[in-house]
Asks: 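Have a look at the structure that comes next, please.
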There are 2 protein chains.
Amino acid sequence: MRFHSPSIQYFHAVRRTGSIRAAARVLNVASSAVSRQILKLEQEVGSPLFERNARGLTLTTVGEMLARHVMNVLQDLDRFRSDVASLSGAWSGTVSIACIESLTESVLPDLIASHRGRARRVSFTTEVKGSSDVLESLSRGEADIGIAMALRHPPDLRQVALKRFRLGAVVAREHPLARRKTVTLEQCLAFPVINALPELSIYHLLQPLIAQLSETPEPAIQANSIDLMRELAARGVGVAFQTQLGIGRLSRDSQLVFLPLDNAGSPVWSDLGIYVRAERTLPAYTESFLQELVRELGERERRENAAYPQTQ
Amino acid sequence: MRFHSPSIQYFHAVRRTGSIRAAARVLNVASSAVSRQILKLEQEVGSPLFERNARGLTLTTVGEMLARHVMNVLQDLDRFRSDVASLSGAWSGTVSIACIESLTESVLPDLIASHRGRARRVSFTTEVKGSSDVLESLSRGEADIGIAMALRHPPDLRQVALKRFRLGAVVAREHPLARRKTVTLEQCLAFPVINALPELSIYHLLQPLIAQLSETPEPAIQANSIDLMRELAARGVGVAFQTQLGIGRLSRDSQLVFLPLDNAGSPVWSDLGIYVRAERTLPAYTESFLQELVRELGERERRENAAYPQTQ
DNA sequence: ATAGCCGTTGCCGAAACGGCAGCAACATGT
DNA sequence: ACATGTTGCTGCCGTTTCGGCAACGGCTAT
């Protein structure tokens, strides 16, 4: 089932590894073979594809164009393979997901477990990273489905869905704020606060609002792990901020309380986007999981908005 | 610049020609070479790609899947080529258009002439056919852009735009109806009528409406050429029906009059769709022309609706 | 039956591919 | 400054693959 020129495969490997010898190791061939294929490719295109640095290869502009084409070819080949396989009833393949941390607590594990219950032959690879890294992984073809904060996305990605969740304060049930239904930022800042570091998107959501306030918040804890922040909040250390997506279980055990944030009377939204490479048709098994993901996030969005109704 | 396996190219040629020997003639190679590549391909996929009939080859289900993949690959290769070429300033390529007859009178020639005035190196191939044939040409990868009546389109096509134009009666300026502003179907059927044959979409637009009427229309002329129907109307032979798109010039010379059709108080719409293959990114020069086409049709739709305002 | 077209198959020369070993260029560590 | 490791590249050569030629059997139309 390998009916594409070695040049294509070799080029792809070199692009990923950034080195001819490394690519040769991955491909189980001699480095000279790889080198020659790249040279031949450059001759046929009529322009160098890589810049030869002392410590490896970097794509030129033309190289990036070819990389895009090769990625389209190989990803579509995957889809073709899965189409043929599904014809003989075998639904197998790997779904590769890149997502931000908010999903790891309940959404993703629930979905994957449920999906694997029905389709045993489909395996998963998930990688948790920052929003911009998620998008980059998708662009580089290292992931099939990406879930990230809905910022501006590059044109080679397609936003499959956009779901908004309320940002809220998370406190232990013994916290003085815990009895309220909603809180304002000012009310939270009267207490010790667990701040997100700039690598987390929560930081970029809250910072502008905090900057608008006259008060300077009292010294607080800063962290770059949503998990850690949640656990700190559960121990009564302070007030953390995140969407309700991440506190499903702890909230059930009644250790944590989620209080939707009110900013001048209107909610603070955290927009979650689901992304896919635009120039690509997904394999059937990936498309199937994607649909479930969109449906599930839509369901959570609906439930949450029903639980905390508001204007706007 | 041919860095894809010969298998791919050969398979594509065989699919298009429907025969190995014919493909070999097109490819300027021996038929044995083509035969062997196909056999190798089938062995690698693990399933026959063609059914060997006495008079040539037909795709199997798996073969159609591979054809889809190969088409994606080759079309994306075209795009890559044009991307590289545009990097060195040379904007050249061929835009292949399949469209229905309504466009040939003014829209398409105007657009192509104007576009070539600005981009000399871009050439055009246009093929006029029925709506369903237009869509099929697109699906088979024989055209880049398709313009057809907006019926249900297959899922492998993407509807880039949908423009609606009023269907109207076309009569010579000496015709008794020519002084009216609008006409009803009943009023038209009182005169000799130039009917469209079922191969034209106008037939399918008008037939249901005519069937609703109690009167049986008087014997009339039937034709399958919009051009012919228009010329007949200009000679006072009868009342023809079409959108205003097709009578730009004659209307300017004041030989023909366009009378928007009223059916029980509401207009009769003719929906025009612009289509491209969904699993494809167009080359820059094709995309550019597509944008102009959409803009121009939108402009005509707007102008027409301004000239003949109505409710709904 | 005959002629014509179809796809397939041996056979063989030509072209492409890959492995091995060695080269110069550069970075790193002592 | 020197040694070491890594990088990409290049002859050389055996292996694999590819393509052209001719021939074969199967089929259709005349």
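A note on names: the letters A, B, ... follow the listed sequences, proteins ahead of strands, and every chain is numbered from 1.
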Asks: Indicate, with a heavy-atom threshold strictly under 4.0 Å, whether B:Arg52 touches base, sugar-phosphate, or nothing.
Replies: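 Sugar-phosphate only.
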Asks: After noting the C-alpha distance and the side-chain angles of B:Val34 and B:Arg21, does the key distance pass the side-chain contact (heavy atoms from CB on, under 4.5 Å) rule?
Replies: CA-CA 8 Å; B:Val34 179; B:Arg21 287 187 119 99; over 6 Å; no
Asks: Can you measure B:Ile38 atom CD1 to C:dT9 atom P for me and round it to whole angstrom units?
Replies: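 Computing the B:Ile38:CD1 to C:dT9:P distance gives 13 Å.
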Asks: Answer with yes or no whether A:Arg36 presents, from its side chain, a donor or acceptor under 3.5 Å of a partner atom in the base of C:dG19.
Replies: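 For A:Arg36, whose side chain was compared with the base of C:dG19, there is a donor-acceptor pair (under 3.5 Å).
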Asks: Please classify the nucleic acid contact of B:Leu57 as base, sugar-phosphate, or nothing, using heavy-atom distances under 4.0 Å.
Replies: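 Result for B:Leu57 = sugar-phosphate.
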Asks: Take atom CD1 of A:Ile20 and atom P of D:dC9, then tell me their distance rounded to the nearest Å.
Replies: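 One finds 4 Å between P of D:dC9 and CD1 of A:Ile20, rounded.
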Asks: Could you tell me the separation between the CZ atom of A:Phe11 and the C1' atom of D:dG8, rounded to a whole number of Å?
Replies: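 Atom CZ in A:Phe11 sits about 16 Å away from atom C1' in D:dG8.
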Asks: Which atoms form the tightest heavy-atom contact between B:Ala223 and B:Leu228, and what is the distance?
Replies: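 Scanning both residues, the minimum pair turns out to be CB-CD2, 4.0 Å.
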Asks: Distance check needed: C:dT8 P versus B:Leu41 CG, whole Å only.
Replies: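 Going from CG in B:Leu41 over to P in C:dT8 covers 13 Å.
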Asks: Using a cut-off of 4.0 Å on non-hydrogen atoms, how would the nucleic acid contact of A:Phe50 be classed: base, sugar-phosphate, or nothing?
Replies: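 The answer is nothing, as A:Phe50 stays clear of every strand by at least 4.0 Å.
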Asks: May I ask you to verify if any side-chain N or O of B:Gln37 is less than 4.0 angstrom from the OP1 or OP2 atom of D:dG19?
Replies: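 Answer yes for this pair, as a side-chain N or O of B:Gln37 is under 4.0 Å from OP1 or OP2.
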Asks: Grab the CZ-P distance between A:Arg55 and D:dG8 for me, whole Å please.
Replies: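 About 10 Å, once rounded to whole Å.
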Asks: Which part of the nucleic acid, if any, lies within reach of A:Leu39 when heavy atoms closer than 4.0 Å are counted: base, sugar-phosphate only, or nothing?
Replies: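 Sugar-phosphate, no base atom in range.
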Asks: Tell me if the side-chain of B:Ser31 makes a donor-acceptor pair with the base of C:dC6, cut-off 3.5 Å, by modelled atom types.
Replies: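 Not at all, since no donor on one side and acceptor on the other fall under 3.5 Å apart.
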Asks: Checking the side chain of B:Ser5 only, and the main-chain atoms of B:Ile8 only, is there a donor and an acceptor separated by less than 3.5 Å?
Replies: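 Flag not set: sc B:Ser5 to bb B:Ile8 has no pair under 3.5 Å.
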Asks: Any Lys/Arg nitrogen of A:Glu279 or A:Arg158 sitting under 4.0 Å from an Asp/Glu carboxylate oxygen of the other?
Replies: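 The answer is no: the pair does not qualify as a salt bridge.
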Asks: Take the protein atom CZ of B:Arg21 and the nucleotide atom C1' of C:dT8, then report the distance between them rounded to whole Å.
Replies: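 Spelled out: CZ on B:Arg21 to C1' on C:dT8 is 9 Å.
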Asks: Ignoring backbone atoms, test whether A:Tyr10 places a side-chain nitrogen or oxygen under 4.0 Å from the OP1 or OP2 oxygen of C:dG18.
Replies: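 Affirmative; the distance criterion is met.
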Asks: Choosing from D:dC9, C:dG18, D:dC18, which nucleotide comes nearest the side chain of A:Pro6?
Replies: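 Looking only at side-chain atoms, A:Pro6 lies closest to C:dG18.
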Asks: Looking at C:dC5, does its base get a donor-acceptor pair with the side chain of B:Ser19 below 3.5 Å?
Replies: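 A donor-acceptor contact between them is absent.
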Asks: Between the side chains of B:Thr286 and B:Asp144, does any donor sit under 3.5 Å from an acceptor?
Replies: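 Side-chain D/A pair, B:Thr286 to B:Asp144: absent.
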Asks: Would you say D:dC9 has OP1 or OP2 under 4.0 Å from some side-chain N or O of A:Ser35?
Replies: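 The answer is yes; a side-chain N or O of A:Ser35 sits under 4.0 Å from OP1 or OP2.
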Asks: Of the nucleotides C:dG7, D:dG19, C:dA27, which one has an atom closest to the side chain of A:Ala54?
Replies: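 Minimum distance to the A:Ala54 side chain belongs to C:dA27.
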Asks: Please state how far atom CZ in A:Arg15 lies from atom P in D:dG8, giving the value in whole angstrom units.
Replies: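 That distance rounds to 16 Å.
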Asks: Keeping the roles fixed (side chain from A:Arg121, backbone from A:Ala119), state whether a donor-acceptor pair exists under 3.5 Å.
Replies: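 Not at all, since once roles are kept as given, no pair shorter than 3.5 Å links the two residues.
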Asks: From C-beta outward on B:Lys40, which listed nucleotide comes closest to its side chain: C:dG19, D:dC18, D:dG20?
Replies: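 Of the options given, the side chain of B:Lys40 lies nearest D:dC18.
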Asks: To the nearest Å, how far apart are A:Asn28 CG and C:dC20 P?
Replies: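 It works out to 12 Å between those atoms.
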